[in-house]
> 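What follows is a structure written as structure tokens; I'll ask about it next.
Just so it is clear: chains get the letters A, B, ... in the order the sequence lines come, proteins before strands, and each one is counted from 1.
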Amino acid sequence: MKYDFDLIEKKWQKIWDETGEFKISEDTNKPKYYALEMFPYPSGNLHMGHVRNYSIGDVVARYKKMRGFNVLHPMGWDSFGLPAENAAIKHGTPPAEWTWSNIDNMRSQLKRLGFSYDWDREVATAKPDYYKFTQWMFLKLYQNGLAYKKKSYVNWCPSCQTVLANEQVVNGKCERCKSEVGKKDLEQWFFKITDYAQKLLDDIDKLDGWPDKVRSMQTNWIGRSEGAELQFKLDGSDKTLTVFTTRPDTIYGVSYMVIAPEHPIVDELISGKPQEAECREFIKKVQSQSEIVRSATDTEKEGVFTGTYVINPFSGEKIPLYLANYVFVDYGTGIVMGVPAHDQRDFDFAKKYKLPIRVVISPEDKDIDSENLTEAFAAEGVLMNSDKFTGLNNKEALPKMIAYAEEHGFGEKKINFRLRDWLISRQRYWGAPIPIVYCDKCGTVEIPESQLPVKLPENVKFTGQGKSPLSECPEFVNTTCPKCGGPARRETDTMDTFVCSSWYYMRYCDPHNTEMPFSKEKTDYWMNVDQYIGGVEHAILHLLYARFFTKVLHDLGYIGCDEPFENLLTQGMVLKDGTKMSKSLGNVVSPEEIISKYGADTARLFILFAAPPERDLDWNDTAVEGAYRFLNRVWRAVDDLKDYMTDEKIGGLSEEDKKLRFAVNSAIKKVTENCNRFSFNTAISAIMEMVNSLYSYKEKAKEYNAPVITEAINSLILLLYPFVPHITSELWEVSGHTDKLSTHSWPEYDSSALVVNEIEIVLQINGKIRDKMVISPDLTPDEMKELALKSEKVQSFIEGKQVVKVIAVPKKLINIVVK
RNA sequence: GCGGAUGUGGCGGAAUUGGCAGACGCGCCAGACUUAGGAUCUGGUAUCUCCGAUGUGCAGGUUCGAUUCCUGUCAUCCGCACCA
């Protein structure tokens with residue numbers, strides 16, 4: 001009988017599909033397990049990254065199921081987004097049509113790989129019954145002050161006439177038309193994620209099951225920094241400017257102040273000043289710089305004097321106020337104090353504009369002076385030239401100086417975050433419409449929940465020119481105000497697709513609920529996700545937004561948990577010849593090609609065997625053949641031995657029988673341990689070793705022991721099942737079983753089969769291996785020592801030397817220390 | 001600059017609390033079966049001055065014993081980056 005993977009795989013996929021094998025519901029008699037892989041964007045075809053992601057997830061799901069868990073393992077589609085619209089512009093296909101046909105294609109590809117999803121729970125974010133609740137989420141945020149609209153500088157492509165997301169700006173250029181992206185001041189919707197900055201930061205500590213890398217990336221992204229806000233009076237006015245600084249201890253070293261050119265107060269400051277023209281020129285220049293150039297570390301620091309002075313609240317000194325390109329309007333207060341001696345950026349700026357450099361902190365062990373300074377001294381030290389604070393260590397001085405400022409009413413302690421509010425509006429068609437209307441009488445009015453969803457119109461033209469398609473669709477725009485019934489205009493922006501993907505894992509718990517996004521009862525049973533698996537590229541955006549949503553829904557009482565993902569596995573990339581697979585490099589290996597040549601089981605086995613899940617994996621065609629060869633080897637072994645299968649209990653054993661039983665049971669032990677820690681590559685290698693032992697038994701055993709062979713074959717099939725479910729299902733059947741493999745329990749090893757009556761131990765002299773001996777594992781350390789000293793080799797090595805010490809580790813080794 | 005990781009044969013990788021470095025697989029070499037084999041089976045495969053030394057990026061340290069723990073250092077990759 002030949003291993004006909006195509007026939008077998010299609011047969012079992014059909015059975016699974018028709019019998020609803022992987023349908024799951026709540027069952028309080030079993031512990032639940034929620035295994036989740038990041039849902040794909042329906043681009044049209046699966047790539048190897050998907051195959052890897054979902055193969056890992058499928059092993060986890062199938063393994064946990066065999067271990068007695070009630071496993072939720074769903075799949076869906078992150079189906080809103082720009083490519084659908086681009087396809088519409090290019091080919092005239094409506095985004096919906098393009099999306100649904102891509103989904104159909106990719107769903108069948110997933111099925112062809114035999115993943116154990118409960119397809120009854122499939123969700124697609126672009127379906128009205130889903131985005132109804134994305135809109136519901138928006139309303140909940142809006143009602144609780146967490147969604148707001150404000151004017152903001154956004155990326156603007158002048159050629160496409162549209163706003164772009166940061167991700168769509170590549171090296172300062174539009175990813176589609178390659179024209180230079182500018183900035184535009186527009187009214188935009190934001191989610192107030194900054195309200196949760198501290199909580200999101202604090203709870204990173206709880207995420208023990210997440211990789212350090214992701215935790216530190218999120219920590220950096222949130223970017224908490226502690227310091228103070230200090231108020232500087234404007235010279236000749238009663239107004240003040242507030243700076244944020246982490247180094248109030250350097251306040252006596254301030255020799256100038258800088259304000260961001262876009263700062264709203266700038267206009268007032270420069271109006272009528274002799275420097276006005278120069279300043280306006282500078283502002284124009286900075287605004288024309290792209291964000292990339294502007295925020296690059298090596299961009300030269302430039303500025304102009306505003307003609308205005310401010311007063312240092314500590315020293316009373318009058319200092320000049322500059323505009324400069326290195327200050328950002330949206331961080332801190334948009335105004336920064338310049339301390340050239342103790343900050344490298346300020347040092348560079350002061351050198352260029354010949355501003356005073358005054359040292360106010362010096363290292364403990366040496367003196368530094370302003371004249372000879374070649375770079376800023378940013379380290380710890382002792383305060384000097386700092387009035388009553390002189391002589392204090394800067395660490396002690398810092399809280400004292402903040403307290404002093406608070407006492408005198410010109411400053412306070414302040415914590416700033418780098419995290420910005422989340423801009424969620426997009427001037428795009430293929431996204432969830434924001435459920436808001438604008439009424440001349442009532443202003444901004446939310447759509448009542450009962451009227452959701454606000455559906456996307458279908459009769460829309462895609463030209464890629466002019467305004468967003470929705471704003472040019474009068475049937476959509478013109479509506480009535482839900483409050484007063486008068487004429488009103490709909491919001492024509494749609495939501496960022498990351499909004500849709502921030503809550504999909506909750507929807508899987510209760511996907512057919514028409515009243516609510518999910519019931520508390522169902523999420524209380526299933527949430528949180530026990531194991532989340534996906535690429536590290538989502539380390540910040542998606543994973544942070546999902547945490548934010550979970551916390552908001554938790555605080556509003558809709559969900560019990562306050563973190564969505566208990567454990568996170570970030571799988572490595574699939575490479576070819578050391579580089580990322582890409583169409584432009586022409587090194588793409590398509591899953592379909594591999595499946596048709598070797599089958600889904602081989603594809604899965606290779607991908608799981610070639611590297612540990614979190615590491616990058618280099619595609620290797622000959623190693624794929626190796627995986628295929630192994631499956632053939634398994635197939636032949638079972639085929640050859642299946643007639644020995646019996647119900648008889650294990651009885652008398654020959655030496656060969658014992659050897660095989662040892663191999664089988666230690667494989668069960670190893671594979672179990674390896675699967676528990678997701679070390680699938682070593683789990684597979686342990687199974688390979690067991691198959692090698694089985695072949696060796698076939699070759700060497702004088703007489704075949706049917707119960708021992710039965711144990712071996714059954715264990716082999718069961719251990720291999722989570723990795724390669726089709727071939728094992730078939731082998732389970734051909735070897736005479738009538739029950740379902742998918743619900744069979746995971747095998748347990750027989751510890752008596754692992755007992756041996758002799759083991760080999762190592763004899764070391766001074767830590768170097770000199771001999772080996774075979775002894776009973778029960779020998780005491782003293783007995784072992786005695787035996788070891790009798791070894792001829794050992795004797796020749798210790799002859800004429802003094803034995804200082806003998807270390808005996810039971811079942812392992814003996815080390816004799818000599819001088 | 002800040003943060004995170006990774007360095008082991010020709011290659012992918014293994015060694016869970018310190019205890020035989022290189023499991024398993026790829027590749028390569030040899031043998032068997034065969035008209036033939038790119039099928040299959042069996043054996044071999046770290047390096048060298050190969051009778052016994054050396055080897056887990058490099059240099060130290062702790063220990064009877066270090067791929068594993070500690071200190072320093074180098075290299076590569078990834079993320080953030082003019083954030084005051």
Side-chain angles (χ1 to χ4, degrees), chain A residues 211-221 223-225 227 243-248 250 257-258 260 294-301 324-328 330-339 342-346 348-349 378 416-420 536-537 539-540 570 572-573 605-606 609-612 614-627 629-630 632-633 636 670 673-674 676-677 679 681-692 695-696 698-699 760-769 772 804-809 811-818:
Chain A
D212 286 345
K213 181 180 182 166
V214 175
R215 297 208 291 173
S216 87
M217 278 168 77
Q218 291 213 354
T219 304
N220 287 339
W221 188 264
R224 184 183 195 273
S225 83
V243 303
F244 171 73
T245 177
T246 53
R247 296 295 304 273
T250 64
M257 187 178 274
V258 216
R294 174 90 185 271
S295 62
T297 323
D298 51 9
T299 300
E300 194 174 9
K301 291 162 191 50
N325 62 346
Y326 73 98
V327 180
F328 295 107
D330 54 355
Y331 182 75
T333 62
I335 310 174
V336 175
M337 62 188 213
V339 188
H342 304 292
D343 182 288
Q344 191 57 41
R345 292 157 303 185
D346 299 347
D348 296 342
F349 192 80
N416 257 324
F417 293 95
R418 201 172 304 191
L419 184 69
R420 308 293 158 83
V536 75
E537 65 274 15
I540 294 171
T570 51
M573 284 190 298
L605 187 75
F606 164 74
F609 177 64
E614 62 283 350
R615 218 180 287 186
D616 284 350
L617 180 158
D618 205 359
W619 190 267
N620 178 332
D621 290 326
T622 54
V624 176
E625 301 228 18
R629 207 176 302 158
F630 170 71
N632 272 290
R633 209 165 136 82
R636 279 193 308 272
K670 271 191 217 164
E673 287 163 359
N674 290 333
N676 286 341
R677 55 186 171 97
S679 181
N681 55 330
T682 53
I684 293 166
S685 74
I687 301 171
M688 288 173 168
E689 283 184 80
M690 172 183 161
V691 172
N692 290 344
Y695 269 81
S696 150
K698 269 177 71 179
E699 181 91 1
E760 192 183 59
I761 64 157
V762 173
L763 303 185
Q764 296 180 335
I765 312 285
N766 289 345
K768 294 218 162 93
I769 296 156
K772 293 182 180 177
V804 182
K805 205 173 180 182
V806 182
I807 289 129
V809 182
K811 298 181 196 176
K812 288 250 163 71
L813 57 76
I814 288 177
N815 188 12
I816 299 164
V817 187
V818 296

> When you look for runs of 3 or more Watson-Crick or G-U pairs in a row, both distances below 3.5 Å, which of them include RNA chain B?
B:1-7 with B:74-80, B:10-12 with B:24-26, B:27-32 with B:40-45, B:46-48 with B:52-54, B:57-61 with B:69-73
> P atom, B/U17 versus B/C69: distance in rounded Å?
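Straight-line distance between the two P atoms is 8 Å.
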> Is A/Arg215 near enough to B/G3 that one of its side-chain N or O atoms lies under 4.0 angstrom from OP1 or OP2?
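Checking B/G3 against A/Arg215, no side-chain N or O comes under 4.0 Å of OP1 or OP2.
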> Could you work out which one of B/G13, B/G4, B/G79 sits closest to the side chain of A/Pro612?
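Among B/G13, B/G4, B/G79, the one nearest the side chain of A/Pro612 is B/G13.
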> Do you know which two heavy atoms are closest between A/Ala611 and A/Asp616, and how far apart they sit?
CB-O, 3.9 Å
> How about A/Ser685 and A/Thr682: does a side-chain donor come under 3.5 Å of a side-chain acceptor?
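No, because no side-chain N or O of A/Ser685 sits under 3.5 Å from a partner of the opposite role on A/Thr682.
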> Kindly say if A/Asn674 contacts the phosphate of B/A14, meaning a side-chain N or O under 4.0 Å from OP1 or OP2.
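For B/A14, neither OP1 nor OP2 has a side-chain N or O of A/Asn674 closer than 4.0 Å.
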> What nucleotide, of B/U42, B/A84, B/C24, holds the atom closest to the side chain of A/Tyr695?
B/U42
> Considering all heavy atoms of both residues, which atom of A/Met217 and which atom of A/Ala539 are nearest to each other, and what is their separation?
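Taking A/Met217 first and A/Ala539 second, the nearest heavy atoms are CE-CB, 3.6 Å.
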> Give a yes/no answer on whether the side chain of A/Tyr331 brings an N or O atom under 4.0 Å of OP1 or OP2 in B/A84.
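Yes, because at least one side-chain N or O of A/Tyr331 sits under 4.0 Å from OP1 or OP2 of B/A84.
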> Does OP1 or OP2 of B/C82 have a side-chain N or O of A/Asn325 closer than 4.0 Å?
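For B/C82, neither OP1 nor OP2 has a side-chain N or O of A/Asn325 closer than 4.0 Å.
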> When we call it a touch if two heavy atoms are under 4.0 Å apart, what does A/Gln218 touch: a base, just sugar-phosphate, or nothing?
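Since no nucleic acid heavy atom lies under 4.0 Å of A/Gln218, the category is nothing.
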> Can you identify which nucleotide, out of B/C82, B/C20, B/G25, has its nearest atom closest to the A/Phe328 side chain?
B/C82
> Distance from A/Ile540 atom CD1 to A/Leu419 atom CG, nearest 0.5 Å?
10.0 Å
> A/Ser225 side chain N/O closer than 4.0 Å to the phosphate oxygens (OP1, OP2) of B/A84?
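Yes, A/Ser225 has a side-chain N/O under 4.0 Å of OP1/OP2 on B/A84.
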> Taking the C1' atom in each of B/A46 and B/G60, what is the distance between them to the nearest angstrom?
26 Å
> Please pick, from B/G12, B/A23, B/A84, the nucleotide with the shortest atom-to-atom distance to any side-chain atom of A/Ala610.
B/G12
> Please tell me which of the listed nucleotides, B/A21, B/C41, B/A14, lies nearest to the side chain of A/Arg615?
B/A14
> Give a yes/no answer on whether the side chain of A/Arg418 brings an N or O atom under 4.0 Å of OP1 or OP2 in B/C82.
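Checking B/C82 against A/Arg418, no side-chain N or O comes under 4.0 Å of OP1 or OP2.
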> Report the nucleotide, chosen from B/G27, B/G3, B/C80, that has the shortest atom-to-atom distance to any side-chain atom of A/Thr622.
B/G27
> Does a side-chain N or O from A/Arg636 land closer than 4.0 Å to OP1 or OP2 of B/C41, or not?
yes
> Would you tabulate the nitrogen or oxygen pairs shorter than 3.5 Å linking the protein to nucleotides 61-71 of chain B?
{"from": "B/C64", "atom 1": "OP1", "to": "A/Lys805", "atom 2": "NZ", "distance (Å)": "3.4"}
{"from": "B/C64", "atom 1": "O2'", "to": "A/Asn815", "atom 2": "ND2", "distance (Å)": "3.1"}
{"from": "B/C64", "atom 1": "O2", "to": "A/Asn815", "atom 2": "ND2", "distance (Å)": "2.6"}

> Does A/Arg629 place a side-chain N or O at less than 4.0 Å from the phosphate oxygens OP1/OP2 of B/C26?
yes
